[in-house]
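Keep in mind that the numbers below use all heavy atoms, side chains included, and drop hydrogens, waters and symmetry copies.
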Amino acid sequence: ENGFDCLDLSHNELAKVHVRHLAGGRSIVNNERVFRFDFPESPGALQRFLLSLDMGWNVSLFHYRNHGDDFGRVLVGIQVTESDDKKLKSFLGNLGYRYEEETN
């Protein structure tokens, strides 16, 4: 009516849990892949994630949310080149945390 487009995000888990808490504008981050993880709420879960990352990758975004569950909801941006795609898949598989890629 007033020239504004509307997009219903009521069924979008990423928007409900993370995006509504983030501030800022759009940025261009080369080779960024964005993932949603469920981190177990147990000692060492974050440390295991960080120590498992390849030292050549950059964490460009990290947002943690917990609502008293057995797991914390984490949104992570990782800068990783296409040539490291196989290593990234291995990292994700070996980590053992439930995840969903949200890159696009």
Side-chain angles (χ1 to χ4, degrees):
E1 179 178 316
N2 293 320
F4 293 101
D5 291 331
C6 180
L7 179 61
D8 181 6
L9 296 175
S10 58
H11 299 292
N12 184 310
E13 192 67 19
L14 176 66
K16 291 189 296 185
V17 175
H18 295 286
V19 176
R20 68 188 183 121
H21 300 284
L22 301 177
R26 184 177 179 97
S27 65
I28 304 298
V29 180
N30 293 329
N31 302 312
E32 184 181 49
R33 306 272 297 269
V34 179
F35 297 90
R36 270 188 302 133
F37 287 94
D38 290 340
F39 274 38
E41 282 298 324
S42 59
L46 174 60
Q47 182 178 22
R48 177 178 177 192
F49 175 83
L50 294 173
L51 292 175
S52 298
L53 280 172
D54 187 285
M55 292 299 294
W57 300 341
N58 180 49
V59 175
S60 55
L61 169 72
F62 192 90
H63 184 254
Y64 171 86
R65 298 281 301 163
N66 182 319
H67 298 282
D69 294 322
D70 293 341
F71 59 91
R73 295 173 175 97
V74 182
L75 183 65
V76 180
I78 304 171
Q79 287 180 271
V80 56
T81 61
E82 285 184 32
S83 62
D84 274 355
D85 192 56
K86 189 174 181 177
K87 283 201 286 188
L88 177 64
K89 288 179 181 174
S90 177
F91 159 74
L92 294 168
N94 292 333
L95 187 63
Y97 299 171
R98 192 169 64 194
Y99 72 92
E100 189 76 34
E101 183 163 8
E102 297 285 357
T103 299
N104 293 319

What verdict does the side chain to side chain contact (heavy atoms under 4.5 Å, CB included) test give for Phe35 and Leu92, after you've listed the backbone C-alpha separation in whole Å, the side-chain angles of each residue and the deciding distance to 0.1 Å? CA-CA 10 Å; Phe35 297 90; Leu92 294 168; 3.7 Å; yes

One should read off an interatomic distance between Ile78 CD1 and Leu61 CG, to the nearest 0.5 angstrom, of 10.0 Å

Partner of Glu101 under salt bridge (charged side-chain N to carboxylate O under 4.0 Å, His left out), picked from Arg33, Lys89, Arg36, is Arg33

task = Indicate if Leu50 and Val80 have the same hydrophobic cluster label, given that clusters are the connected sets of ILVMFWY residues with side-chain heavy-atom separations under 4.5 angstrom.
result = yes

Could you check whether Phe49 and Phe37 have their ring centres less than 6.0 Å apart?
yes

Tightest non-hydrogen contact, residues Arg98 and Phe71, listed as NH2-CZ, 4.2 Å

To the nearest 0.5 Å, atom CG of Asn30 lies from atom OG of Ser60 at 10.5 Å

* Student check: side-chain heavy atoms of Asp38 and Tyr97 closer than 4.5 Å -> no

Go through it in stages, so that I can follow the logic: the residues are Leu46 and Phe39, the test is side chain to side chain contact (heavy atoms under 4.5 Å, CB included), and I'd like the CA-CA distance, side-chain angles, deciding distance and then a yes or no. CA-CA 8 Å; Leu46 174 60; Phe39 274 38; 3.9 Å; yes

The reported gap from CG in Asn94 to CZ in Arg48 (rounded to nearest 0.5 angstrom) is 8.5 Å

All heavy atoms of Thr103 vs all of Val34, minimum pair found to be OG1-N, 3.1 Å

Worksheet item: Can you get from Val59 to Tyr64 by hopping between Ile, Leu, Val, Met, Phe, Trp and Tyr side chains that sit under 4.5 Å apart?
Response: yes

Smallest heavy-atom separation, Pro40 atom then Ala45 atom, equals O-CB, 3.3 Å

Interatomic distance, CG@Leu88 vs OG1@Thr81, rounded to 0.5 Å, equals 9.5 Å

Linking I/L/V/M/F/W/Y whenever their side-chain heavy atoms sit closer than 4.5 Å, directly or via other members, would Leu53 and Val29 fall into one cluster?
-> no

